[in-house]
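Here the structure comes first, spelled out in structure tokens, and everything after it is commentary.
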2 protein chains.
Amino acid sequence: MPDDVRWLTDKERVAWLALADLMLRLPAALDAQLLRDSGITLYDYFVLSNLSMHPERTMRLSELARITSSSLSRLSNVVKRLEQRGLLRREPDPDNGRYTNAILTGAGWDLVVAAAPAHVGAVRDYVIDGLTDEQIETLRSVACHVTERVRENGAC
Amino acid sequence: MPDDVRWLTDKERVAWLALADLMLRLPAALDAQLLRDSGITLYDYFVLSNLSMHPERTMRLSELARITSSSLSRLSNVVKRLEQRGLLRREPDPDNGRYTNAILTGAGWDLVVAAAPAHVGAVRDYVIDGLTDEQIETLRSVACHVTERVRENGAC
DNA sequence: CTCTCGATGTTCAAGGTTGAAGTCAGGCTA
DNA sequence: TAGCCTGACTTCAACCTTGAACATCGAGAG
């Protein structure tokens, strides 16, 4: 029963290999820009940026882990390092001691504000600029389709 | 001069965040399937699969590193582990001692052949199936656009 | 022939990620 | 109130990646 496999067609394979190459190269390129210009990784930026956009610049760690699609273990380590650098601080939720809040400090806010323009510039350079509105919309729908399928099949 | 920044529009930002989420989740999902079913990572699979499709099942390490978009250092470590597991072997290029060839063994070939159907199934499940031909073509052109821009701006 | 140089891999230390095990708070049940 | 029990982190060992430093090979210049 090996050969009821539905192999990829040429066009499907080429598209998949192009996406695989993107997954290998784009994170490294964005990491490099942020590390060089602001001393943080892309993942650090996601964490700080999400905090900066929330009320009180505060979020629960489990919520941050969910939004950034990472394990709680990884987030815990990242947050510990960011706290040691003074970019955020941790406090138990005063309403419920089981939760831990991450709170962006003034220094963290300043760093995000300073880092954002060059980061957005890199995202434009590498991804957005040069695409038509239609391509951008298709990119969104394809990426959402993929993450939904992963969520369905992966973690229930 | 901070505010000549071209921030992302809503549609651009949503598309970018969807792609970022894909980059965080899809590699982990494909790694999990391959590790569970075949005991190798997605990157291992790329290496073995590229070897299996080349004449003599042989490639130079530097060529493998280029094709898999990774550092030579990473590839060297991965190849060392795959060699220890008997899936490939290394030999100096007989025509030019500067080069090292990686050569797929019989066991490596068998493993790729055994792993391929489920891996292709996962790629279909997570990415390809459910997309129209047009979406697949746009995915390819967008991903190629991104990797070209990264190559231009990143490593010259 | 020898020297230098560029390109190819390898190694090593530093640091990051993972998954399993451990800790802790508060809700639920009796 | 006591005794689980679940969910939210934290920690730790094992493993992986990275980048810098180190060989090594062969080509080209003098």
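Here is how names work: the chains are called A, B, and so on, in the same order as the sequence lines, proteins then strands, and each is numbered from 1. Just so you know, these numbers come straight off a predicted model, no measurement behind them.
Base engagement by B:L72 is indicated by at least one non-hydrogen atom pair under 4.0 Å involving a base atom. At a threshold of 4.0 angstrom between heavy atoms, the contacts of B:S62 are confined to the sugar-phosphate backbone, with no base atom among them. Residue-level contact check: B:N96 touches the backbone only, with heavy atoms under 4.0 Å from sugar-phosphate atoms and none from bases.
Not one side-chain nitrogen or oxygen of B:R98 sits closer than 4.0 Å to the OP1 or OP2 atom of C:dA7. Using a 4.0 Å cut-off, some side-chain N or O of A:T100 falls inside it from OP1 or OP2 of D:dC9. The phosphate of C:dA7 (OP1 or OP2) has no side-chain N or O of B:R60 nearer than 4.0 angstrom. One finds a side-chain N or O of B:K80 lying less than 4.0 angstrom from the OP1 or OP2 phosphate oxygen of C:dT11. Phosphate proximity of D:dT10 to A:R90: present, with a side-chain N or O under 4.0 Å from OP1 or OP2. Between B:S71 and D:dT18 there is a side-chain N or O to OP1 or OP2 distance below 4.0 Å. Within the structure, a side-chain polar atom (N or O) of A:R81 is placed less than 4.0 Å from OP1 or OP2 of C:dG16.
Put simply, CG on A:L104 and CZ on A:R89 are 9.5 Å apart, with the number rounded to the nearest 0.5 Å.
Contact record, B:A102 with B:L64: CB-CD1, 4.2 Å, taken as the closest heavy-atom pair.
Each of A:D95 and A:V78 has a nearest nucleotide on DNA chain C; the 5'-most of these lies closest to A:V78.
Taking 4.0 Å as the cut-off between side-chain N and carboxylate O, B:E63 and B:R66 count as a salt-bridged pair. Using a 4.0 Å cut-off between charged side-chain N and carboxylate O, B:E137 and B:R140 make a salt bridge. Under a 4.0 Å N-O distance rule, the pair B:K80/B:E83 does not qualify as a salt bridge.
In this structure, CG of A:D44 is placed 13 Å from C1' of C:dG15, rounded to the nearest angstrom. Atom pair B:N101:CG and C:dT10:P shows a separation of 11 Å (rounding to whole Å applied). What separates CG of B:L42 from P of C:dT17 is a distance of 18 Å, to the nearest Å. Atom pair A:L75:CG and C:dG19:C1' shows a separation of 16 Å (rounding to whole Å applied). To the nearest angstrom, P of C:dC24 lies 19 Å from CG of A:D93. In this structure, A:N77 atom CG and D:dA14 atom P are separated by 17 Å, rounded to whole Å. In this structure, the CD atom of A:E63 is 11 Å from the P atom of D:dA8, given to the nearest Å. Residue A:L88 contributes atom CG, which lies 14 Å from atom P of D:dC9 at whole-angstrom precision.
If you chain together hydrophobic residues whose side chains sit under 4.5 Å apart, A:W7 and B:Y45 fall into the same group.
The side chain of A:Y99 sits closest to D:dA8 out of D:dA8, D:dC12, C:dG9. In this structure, of D:dC12, D:dG19, C:dT17, it is C:dT17 that holds the atom nearest to the side chain of A:R74.
No N or O donor and acceptor, one from the side chain of B:S76 and one from the base of C:dG9, sit under 3.5 Å apart.
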